[in-house]
Amino acid sequence: MKIILLGAPGAGKGTQAEVISQKLNIPSLSTGNMLREAQKKGTPLGQQAKSYMESGQLVPDELVIGIIKERMAQPDCAGGFILDGFPRTVAQAEALDQMGVAIDRVIEIDVPDEAIVTRMSGRRVCEGCGASYHMTHNPPAAEGVCDKCDGKLVTRKDDDPKTVQQRLETYHRQTQPLVDYYQKAGKLRTIDGNQPLEEASAAILRALEASV
Ligand code: AP5
């Protein structure tokens, strides 16, 4: 199954991608994590992406399309995958179509902006594997340590309130048009992401099982 998770920054795409990945045994591909990894390694891609990410803007389409194309060609994607954070512009969605990638379902995780701003202040992410936690809603077993890889949990640079506000504006302007794009294609299901984590996961799994 090939799935796209759409939603504002902090809507829960990364968290839910992990749940679906385990349930369906398909990999989750996060362009945000790939770009952060490239920055950590100091690659040319990472250096080019840095200023966009830190200011809450989107990285240029051609850079992101290149990395996701390469990732989807890996053998572990043969049985399907979950796209977390891609596509994010109509141009990226069109590129995906042109690559001949047949998407089965697009799940929009809907959360109001006010709830996002509160959520982001409690988020911590693993420096090692990128896993996402929340100090209250989804805490790790041991404080400050990733359950999956024992990595250190840190606050993401772009989670400061001013940058979150910018990311939300970018989302509404450049990414929200994709809701309409996939609605017209008959692939979209919207779920309420402003409910407890487990309930949101159950709603997504139901939406994946149901015919669109
Ligand atoms: P990216 O890393 O993709 O960030 P994002 O889309 O802004 O999304 P987040 O990772 O912030 O949030 P999420 O929806 O995954 O939420 P999470 O599960 O962590 O992108 C970063 C940057 O990279 C972009 O700004 C851009 O510059 C660049 N980029 C990436 N992809 C690109 C592309 N395709 N094109 C161009 N540029 C690109 O959850 C958030 C918090 O809430 C966590 O603490 C979690 O525990 C908690 N939580 C989750 N669900 C619930 C719930 N139901 N109830 C309570 N708390 C919850």
Side-chain angles (χ1 to χ4, degrees), residues 4-21 28-39 45-46 48-69 71-72 82-93 95-96 107-113 115-126 129-140 146-147 153-160 163-176 178 191-204:
I4 290 173
L5 293 185
L6 264 187
K13 302 181 295 297
T15 305
Q16 298 298 347
E18 281 301 314
V19 175
I20 308 168
S21 169
S28 144
L29 317 183
S30 157
T31 40
N33 283 348
M34 291 177 209
L35 292 166
R36 276 184 290 278
E37 191 60 32
Q39 271 186 49
L45 168 69
Q48 280 172 288
K50 191 170 188 284
S51 62
Y52 295 102
M53 293 175 78
E54 286 183 354
S55 61
Q57 310 289 335
L58 293 185
V59 172
D61 288 334
E62 60 277 15
L63 296 180
V64 186
I65 291 167
I67 55 168
I68 200 75
K69 194 173 180 184
R71 182 62 187 90
M72 287 187 304
I82 304 150
L83 294 176
D84 160 14
F86 184 93
R88 243 168 155 112
T89 61
V90 170
Q92 292 179 18
L96 201 55
I107 305 289
E108 180 200 10
I109 306 176
D110 185 35
V111 179
D113 287 6
I116 298 273
V117 174
T118 318
R119 244 185 219 191
M120 294 305 234
S121 62
R123 172 161 65 174
R124 298 293 178 271
V125 293
C126 174
C129 70
S132 185
Y133 296 86
H134 192 280
M135 281 155 59
T136 321
H137 306 301
N138 185 24
C146 178
D147 292 348
L153 300 187
V154 296
T155 304
R156 245 169 66 174
K157 268 196 187 147
D158 58 352
D159 276 355
D160 71 279
T163 314
V164 168
Q165 206 54 52
Q166 178 57 55
R167 287 163 64 200
L168 282 170
E169 281 171 29
T170 303
Y171 174 77
H172 292 304
R173 195 177 63 251
Q174 291 184 269
T175 308
Q176 216 161 16
L178 290 180
I191 71 108
D192 176 10
N194 196 21
Q195 54 181 331
L197 265 170
E198 294 73 17
E199 287 170 35
S201 303
I204 292 175

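None of these values were measured; they are calculated from a predicted model. Order of appearance sets the numbers: ligands from 1, and atoms from 1 within every ligand.
The closest non-hydrogen atom to atom 25 (O) of ligand 1, taken over Lys50, His134, Met120, Gln57, comes from Gln57. Here atom 4 (O) of ligand 1 lies nearest to Arg156 when heavy atoms of Arg156, Glu198, Lys13 are compared. Compare Gln16, Arg119, His137 by their heavy atoms: the one nearest to atom 52 (C) of ligand 1 is in Arg119. One option in Gln195, Gln166, Arg36 has a heavy atom closer to atom 53 (N) of ligand 1 than any other, and that option is Gln195.
The shortest N or O to N or O distance between Arg124 and ligand 1 is not under 3.5 Å. The shortest N or O to N or O distance between Pro9 and ligand 1 is not below 3.5 Å. At under 3.5 Å, not a single nitrogen or oxygen of Asp84, backbone or side chain, sits near a nitrogen or oxygen of ligand 1. The distance criterion of under 3.5 Å between nitrogen or oxygen atoms is not met by Phe86 with respect to ligand 1.
Of the protein's heavy atoms, Gly10 N, 2.8 Å lies nearest to atom 12 (O) of ligand 1. Protein heavy atom at the shortest distance from atom 17 (P) of ligand 1 is Thr15 OG1, 3.5 Å. In this structure, atom 44 (O) of ligand 1 lies nearest to the protein heavy atom Tyr133 O, 2.7 Å. For atom 5 (P) of ligand 1, the nearest protein heavy atom (residue, atom name, distance) is Arg88 NH2, 3.2 Å. Annotation: atom 28 (C) of ligand 1 to nearest protein heavy atom, Leu35 CD1, 3.7 Å. The nearest protein atom to atom 9 (P) of ligand 1, hydrogens excluded, is given as Arg123 NH1, 3.3 Å; this is a heavy-atom distance. The protein non-hydrogen atom at the shortest distance from atom 15 (O) of ligand 1 is Gly14 N, 2.8 Å. Closest to atom 35 (N) of ligand 1 among all protein heavy atoms lies Gln92 NE2, 2.9 Å.
For ligand 1 and Ala8, the ligand atoms under 4.0 Å from any heavy atom of the residue are 14 (O).
Side chain to side chain, Ser28 and Glu18 fail the donor-acceptor criterion of an N or O pair below 3.5 Å. Judged purely by distance below 3.5 Å, without hydrogens or angles, the side chains of Thr163 and Asp158 never pair a donor atom with an acceptor atom.
The two residues Ala203 and Gln195 come nearest to each other via the heavy atoms CB-NE2, 4.0 Å. A pairwise comparison of heavy atoms in Thr118 and Ser121 identifies O-OG, 2.6 Å as the closest pair. Across every non-hydrogen atom of Val117 and Gln165, the tightest pair is CG2-OE1, 4.1 Å. Taking all atoms of both residues into account, the shortest heavy-atom contact from Val59 to Met53 is CG2-CG, 3.9 Å. Residues Leu83 and Ile68 come closest through the heavy atom pair CD2-CD1, 3.8 Å.
Under the 4.0 angstrom criterion for non-hydrogen atoms, Pro87 is not in contact with ligand 1. Heavy-atom distances between Met135 and ligand 1 stay at or above 4.0 Å for every pair. Residue contact check for ligand 1: Gly7 places no non-hydrogen atom closer than 4.0 Å to it. In this structure, Glu199 has no heavy atom closer than 4.0 Å to ligand 1. At a 4.0 Å cut-off, at least one heavy atom of Gly193 sits close enough to ligand 1 to count as contact.
The proximity of Pro60 to ligand 1, defined as any non-hydrogen pair under 4.0 Å, does not occur for either the backbone or the side chain. The proximity of Val59 to ligand 1, defined as any non-hydrogen pair under 4.0 Å, involves the side chain as well as the backbone.
Under the 4.0 Å criterion applied to side-chain N and carboxylate O atoms, Glu169 and Arg173 are not assigned as salt-bridge partners. Salt-bridge formation is detected for the pair Asp159/Arg167: a Lys NZ or Arg NE/NH1/NH2 atom is positioned less than 4.0 Å from an Asp or Glu carboxylate oxygen.
The backbone N or O of Arg88 lies less than 3.5 Å from no partner atom in the side chain of Tyr171, so there is not a single donor-acceptor pair.
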- Message: Would Leu96 and Ile4 count as a side-chain contact (heavy atoms from CB on, under 4.5 Å) here? Give the steps.
- Response: CA-CA 11 Å; Leu96 201 55; Ile4 290 173; 4.0 Å; yes

